[in-house]
Engineer: 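Next up is a structure, given as structure tokens.
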Amino acid sequence: MALDANSLTRLSIDLYDACYDPGRWPLAARALRDCLDSMAATLVVRQGTDFRTVHSDCDADYSRRYWRDFSSRDPMLAGPAPARRIYCDQTVMDRARFRRTALFNDWLRPQDRHSVLLIKIPDERGGTAAIFSLNRGGSQPFYGPDDLTACRQIEPLLVHAVRHQRRIAQLRALSETGRPSVNGPGHLILDTGRRVRHLDPAAEALLDRHPDVLVIRGGLLGAPDGATASQLAHGLLRACAGLSATGRTGTDLLLRDAAGHPRLALHIAPLPHAQIFGLEDAGLASLTLRSLRADADPEVIPHLQALFGLSPKEAALARTLMQGLSLREAALERHVGLTTVRSQLSSLFRKTCTTRQGQLIALLARATAA
């Protein structure tokens, strides 16, 4: 079953929206159901040694019963080899045997469901970060080989969305400590021609507040400053080609206003699955945009110490750089020599796995985002 570009585009946008707004997971689940002609969809993500349900189309009582009574005996979880990431009930066991299981008779059948498909999303260590489960019922056919082929089309979207969701959840957890910080993030999806394919309200608000840094004209994202425009175009070209400056996490840019003050931190990430949208000559890039306050809050210092293992002086330098000061200005403000500040900056690079000052500040902005 080949999936059309419109369905995949809608699914991509709904997944990204749900990452930033958990209240939109029902819309993302509906888009996933539509893509795979399913009755119900569930997403669970790993939290420590257990799984947490992010969204389920099951009745709440059935969802609780599954984890209480059936999950430890679910042949769908226990049956396939660990390396298998996409499979359905018919690839686990024959139909007659499946219909004799407790999962089928006491859980699926009472909900008028008769077929299950699972997509396991791996984590960085080779374990399972999340599981998308889909069910069919009523007069719908059983899942089969064509459905598994369709799942392989959308798997990159789901992997990217789950990783995005986990990062954002971590940032939200950090922000719940009550410390004030920089403004929240906005999200855009662009193609190689800088055309905006998706713009969420947070990104729109950030662009409205900083028209001297980034602007959308005629549906294209651009920058009044020539150097910034060149950096943006280069980062987009790399991302849309499936490349990244670091080989893993994408490109970080620190965008300044006309006076040279840092105003926005921009993260450009490749979307390697862009070709499935039917774009033969271009890919898509994911942009995460954050505003930098003119003065970083003092309470950010202990947070940075805990997050990156910084010394108090290194964390103080990080905060100073987030304020937009140069190394020389930072040395004067802190009454130390330039050599000392450069040594501390080198330590910051090492502990944060960054190599440039702009990249460092963009990372700090993400790590302290509310």
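For this chain, numbers begin at 1 and follow the sequence in order.
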Engineer: Distance check, rounded to the nearest 0.5 Å: L289 atom CG versus L188 atom CG?
Structural biologist: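 Reported to 0.5 Å precision, the distance equals 6.5 Å.
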
Engineer: Can you check whether S115's main-chain N or O pairs, donor with acceptor, with D89's side chain at less than 3.5 Å?
Structural biologist: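 A pair under 3.5 Å: no.
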
Engineer: Could you pull out all residues at least two apart from Y66 that satisfy ring-ring contact (aromatic ring centres under 6.0 Å, His included)?
Structural biologist: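 Partners of Y66 by the ring-ring contact (aromatic ring centres under 6.0 Å, His included) criterion, ordered by chain and then number, come out as W107.
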
Engineer: Write down the atom of A41, the atom of D57, and the distance for their closest heavy-atom approach.
Structural biologist: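 For A41 versus D57, the nearest heavy atoms are N-OD2, 2.7 Å.
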
Engineer: Can you list the residues that meet the ring-ring contact (aromatic ring centres under 6.0 Å, His included) rule with F142, with sequence neighbours excluded?
Structural biologist: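 Per chain and number, F142 pairs via ring-ring contact (aromatic ring centres under 6.0 Å, His included) with H114.
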
Engineer: May I ask you to check whether S38 and Y143 show a side-chain donor-acceptor distance below 3.5 Å?
Structural biologist: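 Distance-only check passes for S38 and Y143.
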
Engineer: Considering all heavy atoms of both residues, which atom of L199 and which atom of E204 are nearest to each other, and what is their separation?
Structural biologist: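 It is CD1-N, 3.8 Å.
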
Engineer: Quick check on the hydrophobic clustering: are L27 and L157 connected, directly or via other members, by side-chain heavy-atom contacts under 4.5 Å?
Structural biologist: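 In one cluster with L27: L157, no.
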
Engineer: Does the side chain of S7 reach to within under 4.5 Å of the side chain of D34, using non-hydrogen atoms?
Structural biologist: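 SC-SC contact between S7 and D34 ruled out.
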
Engineer: Can you see which heavy atom on A18 is nearest to which on A28, and at what distance?
Structural biologist: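 Taking A18 first and A28 second, the nearest heavy atoms are CB-CB, 4.1 Å.
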
Engineer: Ring pair (Phe, Tyr, Trp, His ring centres under 6.0 Å): which pairs involve residues 189-209, sequence neighbours left out?
Structural biologist: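 As it turns out, the ring pair (Phe, Tyr, Trp, His ring centres under 6.0 Å) pairs with a partner in residues 189-209, which skip direct neighbours, are H187-H198.
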
Engineer: Does T228 have any side-chain contact (heavy atoms from CB on, under 4.5 Å) partners at least two apart in sequence or in another chain, and if so, which?
Structural biologist: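 side-chain contact (heavy atoms from CB on, under 4.5 Å) check on T228 returns A223, D225, L255.
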
Engineer: Mind checking salt bridge (charged side-chain N to carboxylate O under 4.0 Å, His left out) for D200 and listing every partner two or more places apart, or none if nothing turns up?
Structural biologist: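 With sequence neighbours excluded, D200 shows a salt bridge (charged side-chain N to carboxylate O under 4.0 Å, His left out) to no residue whatsoever.
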
Engineer: To the nearest 0.5 Å, what is the distance between CE on M322 and CG on L360?
Structural biologist: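 If we round to the nearest 0.5 Å, M322:CE and L360:CG are 9.0 Å apart.
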
Engineer: In chain order, what residues pass the side-chain contact (heavy atoms from CB on, under 4.5 Å) check against D94, with sequence neighbours excluded?
Structural biologist: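 For D94 the side-chain contact (heavy atoms from CB on, under 4.5 Å) partners, ignoring immediate neighbours, are A96, R97.
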
Engineer: Holding to salt bridge (charged side-chain N to carboxylate O under 4.0 Å, His left out), I want the full list of residues that pass it with R10, two or more places apart in sequence or in another chain.
Structural biologist: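 D14.
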
Engineer: Which pairs count as side chain to side chain donor-acceptor pair (under 3.5 Å) when at least one residue sits in residues 336-346, sequence neighbours excluded?
Structural biologist: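 Every side chain to side chain donor-acceptor pair (under 3.5 Å) pair that includes a residue of residues 336-346, provided the two are not neighbours, is R334-Q344.
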
Engineer: Mind checking side-chain contact (heavy atoms from CB on, under 4.5 Å) for S230 and listing every partner two or more places apart, or none if nothing turns up?
Structural biologist: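 Scan of S230 (side-chain contact (heavy atoms from CB on, under 4.5 Å), adjacent residues dropped) gives none.
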
Engineer: Do L364 and L327 belong together in a cluster built from hydrophobic side chains that touch within less than 4.5 Å?
Structural biologist: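 As far as the 4.5 Å side-chain criterion goes, L327 and L364 are connected within one cluster.
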
Engineer: Test of understanding: with salt bridge (charged side-chain N to carboxylate O under 4.0 Å, His left out), list the residues that count as partners of K313, not counting sequence neighbours.
Structural biologist: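 Not a single residue meets the salt bridge (charged side-chain N to carboxylate O under 4.0 Å, His left out) criterion with K313.
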
Engineer: Kindly write out the residues that satisfy side-chain contact (heavy atoms from CB on, under 4.5 Å) with A130, not counting sequence neighbours, or none if the list is empty.
Structural biologist: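 For A130 the side-chain contact (heavy atoms from CB on, under 4.5 Å) partners, ignoring immediate neighbours, are L43, V45, I121, V162.
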
Engineer: Taking salt bridge (charged side-chain N to carboxylate O under 4.0 Å, His left out) as the definition, give me every residue that meets it alongside R113, ordered by chain and number, with sequence neighbours left out.
Structural biologist: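 For R113, no residue satisfies salt bridge (charged side-chain N to carboxylate O under 4.0 Å, His left out) once neighbours in sequence are set aside.
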
Engineer: If every non-hydrogen atom of D17 is compared with every non-hydrogen atom of R24, which pair is closest and at what distance?
Structural biologist: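 Scanning both residues completely, I find the closest heavy atoms to be CB-NE, 3.3 Å.
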
Engineer: Between M76 and Y87, what is the shortest heavy-atom contact and its length?
Structural biologist: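 Reported closest heavy-atom pair: O-OH, 2.6 Å.
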
Engineer: Determine the minimum heavy-atom distance between G222 and L232, stating which atoms define it.
Structural biologist: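 Heavy-atom minimum between the residues: CA-CD2, 4.3 Å.
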
